[in-house]
*Asks:* 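Let me give you the structure first, and then I'll get to my questions.
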Amino acid sequence: MVRYEIEGGRPLNGELTVQGSKNAVLPMMAAALLCRGSVVLHNCPRIDDVFCMIRILEHLGCTVNWEGHTVIIDAYEVRSETVPAKEAKRMRSSVILLGALLGRRKKAVLSRPGGCVIGERPIDLHLSSLQKMGADIRQEEEYMYVKAPVLTGARIELAKSSVGATENILLAAVLAKGVTEIVNAAREPEIPELCRLLRAMGADIENRGNGYIRVRGVKELHDAELTVMSDRIVTGTYLLAAAAAGGEVTVLNPPWGQVQALLTVLSGMGLTVRETEEYIYVKRMDEYLGVDFLETRPYPGFPTDLQSPLLAVLLRAKGKSRIRETIFESRFRAAEEFPKLGARVSIDGPVCTVEGVPKLHGARLISHELRGGAALILAGLAADGRTMVEDKGFIRRGYERMEADLRKLGAGISVTDSTDDR
Ligand code: UD1
């Protein structure tokens, strides 16, 4: 259990540099399995999901080394195709190993993936896409056995523009026989980022950026080295931390143009926002407005991962705000905790309504998932007095140094940890 103790009511001031992107680096690490050589990823965040992926890669036979924030993955020998159940259950994104393992070993064994508790998270699109490419899938109780002696290119029209399914198809397609076309592919920035690595490894990919991707399979891939882009969700979380606590914060090295939807919302709330290629600056003084109505949408819309952190800010905004979650069900676990702080929140199916109050008070909150956990910390910054957030390690799955970063900005936050294995 990790306990965050927050002394709220202090404005934040200063600047910080944002970590590398979790959602970009995880599929890149899976991609490393596709080459009999090494992939070097700079600016890799030292977070628990990355450590979990490393344990899986080592189990499969890779050698993985760290040098600061550079991770070096040597996949010269891949001896196994079984993803250990313990790690697959910890991290839902382990499902992207399916495409990579099929490409490298022609088969994969995976227990049903786990991860954040945010409603039903099916993997039907991953499986049906791989089946279209020739994979045979057998499900036995907890395990899935997937094999494809020959992976063949196919035209795959995704019913939903799933990020993970798009990544899985890309990973399977780069070494498949023939051409794979993905229609209604996800447009999240993590997709061109994965394409950038795969191309550096020798893959032949045309990504038009409009939801159409064409991959011509090649015989083999080679070593590559790349710097991972900055994390857009961590960037957004820190901008929202400044909005929750008040003050002036500059985030350095943000992912250029990737948090536009959030910046538009912050401006609409009356905050001062400035964006350049080098930094994003946000300033919040005194009163600010709520958001009449906002829906989470696929990129470039407002990201579902910032829905709970935004709600934390709206608790003290002027007037009524309504947020509709359209990507995942049951993603209001953080919102269910907010009333403990004196907030006025009601949830009706996919819509969460907040009536802003002038003051919040400290309370003991329980974190149930990664971004929701971060949102509870933000709410604690906004509340007067002491807030305790009890977290079973969710926050460290995605934030390398949340408490240290917030402390640097002047937040009163300390952590006690009975699980630290880093
Ligand atoms: C990724 C991100 C996550 C983000 C999400 C949406 C990673 C590791 N995680 O998750 O942080 O919140 O994108 O931007 O990159 N769906 C199906 N069937 C499938 C797959 C998905 O119905 O086989 C549905 C999901 O239930 C959801 C929607 O498609 O409603 C989008 O999910 P998807 O884009 O796949 O999210 P992830 O890749 O899991």
Side-chain angles (χ1 to χ4, degrees), residues 3-12 117-118 236-247 262 265-266 268-271 282 284-296 302-325 328-391 394-395 402 406 411-413:
R3 284 192 183 81
Y4 295 83
E5 208 173 301
I6 304 140
E7 203 58 58
R10 298 187 196 171
L12 303 185
V117 196
I118 46 176
T237 306
Y238 288 156
L239 296 172
L240 286 163
L262 172 65
V265 170
L266 294 176
M269 291 165 71
L271 277 71
V282 63
R284 195 217 96 197
M285 302 305 233
D286 308 326
E287 280 192 349
Y288 57 101
L289 302 171
V291 172
D292 273 350
F293 181 68
L294 179 141
E295 284 187 332
T296 58
F302 192 89
T304 173
D305 288 352
L306 290 179
Q307 176 257 103
S308 301
L310 173 63
L311 280 174
V313 179
L314 295 175
L315 303 179
R316 287 181 55 216
K318 205 167 162 211
K320 191 199 256 186
S321 303
R322 272 191 326 134
I323 307 289
R324 185 181 154 90
E325 172 59 54
F328 293 113
E329 53 183 51
S330 313
R331 212 177 186 180
F332 288 134
R333 296 297 295 276
E336 288 167 10
E337 293 289 302
F338 292 147
K340 295 180 184 167
L341 300 164
R344 295 182 60 194
V345 175
S346 60
I347 298 163
D348 184 7
V351 179
C352 180
T353 305
V354 179
E355 300 261 8
V357 293
K359 271 190 180 304
L360 300 170
H361 55 75
R364 183 172 156 265
L365 308 175
I366 313 286
S367 145
H368 295 282
E369 45 112 354
L370 163 59
R371 306 302 172 187
L376 298 182
I377 291 186
L378 267 48
L381 296 174
D384 292 334
R386 180 173 302 176
T387 293
M388 179 91 86
V389 176
E390 295 194 351
D391 174 68
F394 295 113
I395 295 169
M402 190 158 188
L406 291 173
I413 179 167

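Everything numeric in this text was worked out from a predicted model, so none of it was measured. Below, all heavy atoms of this structure are taken into account, side chains as well, without hydrogens, waters or symmetry copies. Start at 1 with the first residue, then count along the sequence.
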*Asks:* By the salt bridge (Lys or Arg N to Asp or Glu O under 4.0 Å) test, which pairs, at least two apart or in different chains, include something from residues 372-390?
*Replies:* Arg3-Glu390, Glu5-Arg386, Glu7-Arg386, Lys359-Asp384, Arg364-Glu390
*Asks:* Under a 3.5 Å distance rule, please check whether Arg333 uses its side chain to pair with a backbone N or O of Glu369 as donor and acceptor.
*Replies:* no
*Asks:* Do other residues, nucleotides or ligands put more than 12 heavy atoms under 6.0 Å from Lys340 NZ?
*Replies:* yes
*Asks:* Are Phe302 and Leu310 close enough that some pair of their side-chain heavy atoms sits under 4.5 Å apart?
*Replies:* yes
*Asks:* Tell me if a side-chain donor or acceptor on Glu295 pairs with a main-chain N or O of Arg324 at a distance below 3.5 Å.
*Replies:* no
*Asks:* Go through Lys318 and Asp286 one step at a time and tell me if the salt bridge (charged side-chain N to carboxylate O under 4.0 Å, His left out) criterion holds.
*Replies:* CA-CA 11 Å; Lys318 205 167 162 211; Asp286 308 326; over 6 Å; no
*Asks:* Does a side-chain heavy-atom distance below 4.5 Å link Met269 with Arg284?
*Replies:*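 The answer is no; the side chains never approach within 4.5 Å.
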*Asks:* Does Leu311 reach the side chain of Phe332, with side-chain heavy atoms less than 4.5 Å apart?
*Replies:*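 Side-chain contact under 4.5 Å: yes.
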*Asks:* Do side-chain atoms of Tyr4 reach the backbone of Leu376 as a donor and acceptor pair under 3.5 angstrom?
*Replies:*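 Not confirmed, Tyr4 side chain does not pair with Leu376 backbone.
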*Asks:* Check whether any side-chain heavy atom of Leu314 lies under 4.5 Å from a side-chain heavy atom of Ile323, and answer yes or no.
*Replies:* yes
*Asks:* Identify the two heavy atoms, one from Ala411 and one from Leu381, that lie closest to each other, and give their separation to 0.1 Å.
*Replies:*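 Scanning both residues, the minimum pair turns out to be CB-CD2, 3.7 Å.
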*Asks:* If you take all heavy atoms of Pro309 and Leu240, which pair is closest and at what distance?
*Replies:*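 Pro309 and Leu240 have their closest heavy atoms at CB-CD1, 3.7 Å.
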*Asks:* Kindly indicate, with the supporting measurements, whether the criterion side-chain contact (heavy atoms from CB on, under 4.5 Å) is fulfilled by Leu341 and Leu365.
*Replies:* CA-CA 9 Å; Leu341 300 164; Leu365 308 175; 4.1 Å; yes
*Asks:* What closest approach, in Å, do Val345 and Pro339 show between heavy atoms, and which atom pair accounts for it?
*Replies:* CB-CG, 4.3 Å
*Asks:* Grab the two heavy atoms, one from Leu294 and one from Val291, that are nearest each other, plus how far apart they are.
*Replies:*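 Heavy atoms of Leu294 and Val291 come nearest at CB-CG1, 3.7 Å.
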*Asks:* Looking at every heavy atom in both Gly268 and Leu289, which two are closest together, and how far apart are they?
*Replies:* O-CD1, 3.9 Å
*Asks:* Look up atom CE in Met402 and atom CD1 in Ile395, then write down how far apart they are to the nearest 0.5 Å.
*Replies:*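 Rounded to the nearest 0.5 Å, the CE-CD1 separation comes to 6.5 Å.
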*Asks:* Considering only heavy atoms from C-beta outward, does the side chain of Thr296 approach that of Asp305 to under 4.5 Å?
*Replies:*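 Sidechains of Asp305 and Thr296: no contact.
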*Asks:* Heavy atoms, side chains only, cut-off 4.5 Å: are Cys352 and Gln307 in contact?
*Replies:*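 Not touching, per the 4.5 Å side-chain cut-off.
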*Asks:* Below 4.5 Å, heavy atoms only, C-beta onward: do Val357 and Leu315 meet side chain to side chain?
*Replies:* no
*Asks:* In sequence, state the C-alpha distance, the side-chain angles, and the governing distance for Phe338 and Val354, and then conclude on side-chain contact (heavy atoms from CB on, under 4.5 Å).
*Replies:* CA-CA 10 Å; Phe338 292 147; Val354 179; over 6 Å; no
*Asks:* Pairs in or reaching into residues 344-353: which pass salt bridge (Lys or Arg N to Asp or Glu O under 4.0 Å), with residues at least two apart or in two chains?
*Replies:*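 Checked against salt bridge (Lys or Arg N to Asp or Glu O under 4.0 Å) - neighbours excluded - no pair reaches residues 344-353.
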*Asks:* So which heavy atom on Ala375 is nearest to which on Ala334, and how close?
*Replies:*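 Closest approach of Ala375 to Ala334: CB-CB, 4.4 Å.
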*Asks:* With the side chain counted from C-beta on, respond yes when Phe394 and Arg371 share a heavy-atom pair under 4.5 Å apart, and no when they do not.
*Replies:*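 No, too far: nothing below the 4.5 Å cut-off.
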